[in-house]
Number of protein chains: 2
Amino acid sequence: MKSGPIDPLVCPISYTVSIVRGKWQWVILWLLYTEKVQRYGELKKRLPTISHKMLSQQLSSLEQEELIHREEYPQIPPKVEYSLTEKGKTMIPVLEIMAEWGRRYSSQA
Amino acid sequence: MKSGPIDPLVCPISYTVSIVRGKWQWVILWLLYTEKVQRYGELKKRLPTISHKMLSQQLSSLEQEELIHREEYPQIPPKVEYSLTEKGKTMIPVLEIMAEWGRRYSSQA
DNA sequence: CTGGATCCAGCCAGATACTG
DNA sequence: CAGTATCTGGCTGGATCCAG
């Protein structure tokens, strides 16, 4: 899952899935899209089955891809807010259509 | 990556990514969409970096989800053709928009 | 040609403990 | 609260061999 895209000309999708890796990153993007801004703990609460470490890693990865923005407030106790970047917002049409598919076909499973 | 979706109401995307798992399955769906019908060997040739085992597994998984159809011709040497099912074709809008994102942003990377 | 079965190294995710 | 560090068991994917 970590090697680069195949051949963007043959398969432009391979680039997309090399930027957003795995199910968690899609889910996190969706939450930041629908909730606008979320603190670390809020995300964790909405994802009961994700481990602490996983969430950190995926957030960090998304931040490196510049899809999400991390705003840290230097205070005690710490407070960190995550939100979509402008680049991240370009993913919204993708998120929407994936969600639409999910809504439509999860019911007739 | 294998546990079920979170909560479809909170996150309908989680269902979608629980059906299509990992980068390879997206790539394979894309190839079957653009090429209509592909033999096992053709897919393998188009995916130089996928291993034999991986390709088999992913195809099998997609078949179980009823997203692709496996047509076996009982002859020597064997011939097997893969194509999208009707359910698989419902994924086309998703594939298209993911591909569009890839085309647009892979160039300015 | 299209797979399945097996072996095995390497990665990965979970648990736990620690920090600012 | 929001992470990071470490350890470890288990899973995964690659390579190889076998079969119809």
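Each chain gets a letter, A, B and so on, in the order the sequences are listed, and its residues count up from 1. This structure is a prediction, so every number in the text was calculated from the model and none was measured.
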Taking B:E72 first and then B:R70, would you say they form a salt bridge - that is, a charged N and a carboxylate O separated by under 4.0 Å? yes

Specify the separation, in whole Å, of atom [atom1] of [X] and atom [atom2] of [N].
| X | N | atom1 | atom2 | result |
| --- | --- | --- | --- | --- |
| B:R21 | D:dG13 | CZ | P | 11 Å |
| A:Q38 | D:dA2 | CD | P | 11 Å |
| A:L47 | C:dA13 | CG | C1' | 16 Å |
| B:K79 | C:dT2 | NZ | C1' | 13 Å |

Working for side-chain hydrogen bond (donor to acceptor under 3.5 Å, both in side chains), residues A:S61 and A:Q25: CA-CA 9 Å; A:S61 175; A:Q25 299 196 8; 3.2 Å; yes

Considering only side-chain heavy atoms of [X], which listed nucleotide, [options], is closest?
| X | options | answer |
| --- | --- | --- |
| A:P77 | C:dC1, C:dT2, D:dC1 | D:dC1 |
| B:S56 | D:dC1, D:dG3, C:dG3 | C:dG3 |
| A:Y82 | D:dG14, D:dG3, C:dT2 | D:dG3 |
| B:P78 | C:dG3, D:dG20, D:dT6 | D:dG20 |

So, under a plain 3.5 Å distance rule, would you say the side chain of B:H52 forms a donor-acceptor pair with the base of C:dG4? yes

Any idea how A:Y40 and A:H52 line up, ring-wise: parallel (<30°), tilted (30 to 60°), or perpendicular (>60°)? perpendicular

Earlier contact from the 5' end, DNA chain D, for A:G41 and B:I76: A:G41

Tell me whether B:W101 is reachable from B:I92 by hopping between hydrophobic residues (I, L, V, M, F, W, Y) whose side-chain heavy atoms are closer than 4.5 Å.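 They do share one cluster, since a chain of ILVMFWY contacts under 4.5 Å joins B:I92 to B:W101.
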
